[in-house]
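Computed from a predicted model, the values in this text were never measured in an experiment.
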Protein chains: 2
Amino acid sequence: MIVRQAANVLEIMEFFAQVKKPATLAEIADHFGWPRSSTFNLLATLSEKGYLYEPRPRAGFYPTPRWLAMARMISEVEPLPSWTHQLISDLSAETGETASIVAPAGVMAVFIDVVESKAAIRYFATIGHRVPIHATASGRALLLQYSQEERDSVYRKIEFKQYGPSTPISIEAVETELRNSISRGYCQSFADYSRDLAGAAIPLPIGDRRLSVVVAGPEFRIGPKVPDVAALIARTVDRLRPKTTAA
Amino acid sequence: MIVRQAANVLEIMEFFAQVKKPATLAEIADHFGWPRSSTFNLLATLSEKGYLYEPRPRAGFYPTPRWLAMARMISEVEPLPSWTHQLISDLSAETGETASIVAPAGVMAVFIDVVESKAAIRYFATIGHRVPIHATASGRALLLQYSQEERDSVYRKIEFKQYGPSTPISIEAVETELRNSISRGYCQSFADYSRDLAGAAIPLPIGDRRLSVVVAGPEFRIGPKVPDVAALIARTVDRLRPKTTAA
DNA sequence: GGAAAATGTACATATATGTGAATTTATCTG
DNA sequence: CAGATAAATTCACATATATGTACATTTTCC
């Protein structure tokens with residue numbers, strides 16, 4: 001069950017992140033199609049908690065820097081090592097495509113860092129974007145780091161859907177693709193989940209965290225180059241990952 | 001009316017900002033005394049929206065960097081000029097007390113930037129902290145920038161409460177205190193709102209934004225020095241505020 | 001300056017939502 | 001490796017909550 005008012009808080013935050021200027025109660029209510037009275041309650045709640053204020057008289061509400069203060073506190077803990085951002089930054093620059101660091105979240109994979117391609121036609125992904133773990137290159141690069149039991153446990157919760165012609169729609173299909181990925185040396189996906197999207201990914205274990213790196217873009221552009229891209233990812237990881245004695 | 005589930009989202013965020021490590025459903029439910037099923041729904045909603053993930057297997061949830069990404073987008077708009085942080089930073093260093101930048105939010109005043117005192121006994125304020133606009137030095141420094149009509153409009157919404165012995169409990173009392181502040185050259189408060197707390201504040205108009213600076217601390221420590229502190233604030237503003245031809 | 005329009009606020013009520021109990025899944029223990 | 005224990009999920013129902021309606025306030029426009 002989705003908690004509507006919880007989702008609405010996030011929607012409001014995203015709304016402000018987009019419009020980047022104060023908005024009145026009426027504007028917000030109209031934008032979302034919410035009743036004024038409900039909007040009033042929600043804004044009052046956020047204000048009362050110190051997350052919204054009125055920067056200038058009669059110009060409406062805007063989030064306080066409290067969001068930022070909280071987000072900073074949260075993110076200063078086990079941040080990604082700085083070389084991982086360098087990694088996707090370099091990969092995006094060299095390939096011209098979108099590169100991301102991905103982490104597991106149940107049956108989904110979440111983008112936790114993204115450097116977007118600058119091309120007009122590109123894979124549009126944002127931090128927080130989620131994709132099915134079994135039907136994407138980045139997700140499968142996470143699954144490769146799981147034990148068989150852990151994978152089985154994930155499989156049980158997956159609802160297999162035919163997102164595209166090549167989507168694996170059974171446990172065996174996923175396991176087969178994982179085996180292929182191992183022998184191939186990298187994970188790939190050709191519109192397994194998103195239409196026209198192809199990508200290459202490899203596992204990126206950091207400490208006890210299971211992450212993956214993925215480079216993805218429009219199939220027509222990146223498709224033929226997937227093996228090269230995969231090799232580039234591997235080389236770039238080798239170059240940037242700090243050398244340690246332990247594996 | 002307070003929107004419970006909206007508030008809960010903020011509580012969860014603050015919880016993670018505090019504990020700074022992943023937490024399982026059970027831990028979160030226990031911490032807040034929420035039913036597990038409700039907690040489940042909330043966490044599912046936040047996860048689905050890309051704000052929560054599972055950094056490592058079976059170690060529970062943690063916010064994704066999406067919070068930070070959103071908060072950055074929001075805060076990169078009309079940020080405070082950098083000299084205002086320098087201002088409160090210097091003030092806190094010189095006085096040993098907590099210094100803040102404050103903005104209006106209806107009948108309340110919100111702290112939008114804070115540098116805390118390092119003393120063991122200190123004014124504990126955080127960004128987002130709210131105080132009544134009429135019963136605090138910082139709030140009255142905001143009211144001084146309002147027109148009479150605007151102030152009247154605010155007064156109509158205030159519920160006058162006797163927070164402390166010196167709290168102004170009528171419109172006249174507030175107006176009188178404002179007049180005194182003008183002739184005095186700064187705003188002050190001696191436990192008008194918070195017990196044992198004294199502070200000095202002055203208006204800080206920036207562009208068309210109405211802000212104020214306040215230095216506050218325990219009454220016994222800062223009380224006798226309030227005039228000096230006020231003078232220091234004024235001097236420091238003069239020193240740091242960029243000179244422009246226009247007023 | 002006065003009327004009209006827009007915006008913000010309060011409240012009762014129907015309904016969407018949170019929750020307790022039951023079920024399933026995972027983890028620990030001997 | 002069972003059996004026990006704890007955690008995560010599901011679901012139907014009572015209730016807390018979102019909202020339609022009415023009212024108040026503020027702003028706009030003539």
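Note: OH (B:Tyr146) to P (D:dT26) measures 14 Å, nearest angstrom. For the pair B:Arg151 CZ and D:dT26 P, the interatomic distance rounds to 15 Å; values are reported in whole Å. Atom CZ of B:Arg4 is separated from atom C1' of C:dT19 by 10 Å (rounded to the nearest Å). Between the C1' atom of D:dC11 and the CD1 atom of A:Ile2 lies a distance of 18 Å, rounded to the nearest Å. Between B:Phe61 atom CZ and D:dA8 atom C1' the separation is 9 Å, expressed in whole Å. If you take CD of B:Glu149 and C1' of D:dT28, they are 17 Å apart, rounded to a whole angstrom.
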Distances under 3.5 Å between protein N/O atoms and the N/O atoms of nucleotides 3-5 of chain D, please, pair by pair.
none

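A residue-by-residue look at B:Val154 and B:Val3 shows that B:Val3 has its nearest nucleotide of DNA chain D further toward the 5' end.
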Residue pair B:Trp67, A:Ser75: steps toward the side chain to side chain contact (heavy atoms under 4.5 Å, CB included) verdict: CA-CA 9 Å; B:Trp67 291 107; A:Ser75 297; 5.8 Å; no
Intermediate values then yes/no, side chain to side chain contact (heavy atoms under 4.5 Å, CB included), A:Met13 and B:Arg66: CA-CA 11 Å; A:Met13 182 157 86; B:Arg66 179 158 218 201; over 6 Å; no
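Identified under the ring pair (Phe, Tyr, Trp, His ring centres under 6.0 Å) test for residues 138-162 of chain A, with sequence neighbours left out: A:His134-A:Phe160. Residue pairs meeting the side chain to side chain donor-acceptor pair (under 3.5 Å) criterion with at least one member in residues 8-25 of chain A, sequence neighbours excluded: A:Gln5-A:Asn8, A:Glu11-B:Lys49, A:Glu14-B:Tyr51, A:Lys20-B:Glu76.
For DNA chain D, the neighbouring residues in residues 37-50 of chain A, judged by any heavy atom under 4.0 Å, are A:Ser37, A:Ser38, A:Asn41. For the contact set between residues 18-34 of chain B and DNA chain D, defined by any heavy atom under 4.0 Å, the members are B:Thr24, B:Leu25, B:Ala26. Contacts with DNA chain D (heavy atom under 4.0 Å) in residues 5-15 of chain B: none are found.
Phosphate proximity of C:dA26 to A:Arg156: present, with a side-chain N or O under 4.0 Å from OP1 or OP2. OP1 or OP2 of D:dT9 has at least one side-chain nitrogen or oxygen of A:Lys157 nearer than 4.0 Å. When the side-chain nitrogen and oxygen atoms of B:Ser153 are compared with OP1 and OP2 of D:dT26, one or more of them lie within a distance under 4.0 Å.
For the atom pair A:Ser212 OG and A:Tyr186 OH, the distance stands at 15.5 Å (nearest 0.5 Å). Within the model, atoms CG of A:Leu87 and CD1 of A:Ile101 stand 5.0 Å from one another, a figure rounded to the nearest 0.5 Å. Rounded to the nearest 0.5 Å, atoms CG (B:Leu42) and CD1 (B:Ile12) are 5.0 Å apart. Between B:Arg130 atom CZ and B:Met108 atom CE the span is 4.5 Å, to the nearest 0.5 Å. A:Ile127 CD1 to A:Asp113 CG: the interatomic distance, rounded to the nearest 0.5 Å, is 5.0 Å.
Checked for salt-bridge contact, A:Arg184 and A:Glu177 meet the test: a charged N lies under 4.0 Å from a carboxylate O.
Within a 6.0 Å sphere centred on CZ of A:Arg72, heavy atoms belonging to other residues, nucleotides or ligands number 12 at most.
Aromatic ring orientation, B:His31 versus B:Phe15: tilted (interplanar angle from 30° to 60°). A:Phe111 and A:His129 have tilted rings, their planes meeting at an angle from 30° to 60° on a 0 to 90° scale.
Two residues are said to be in side-chain contact when any heavy atoms from C-beta on lie closer than 4.5 Å; A:Leu68 and B:Ile74 fail this criterion.
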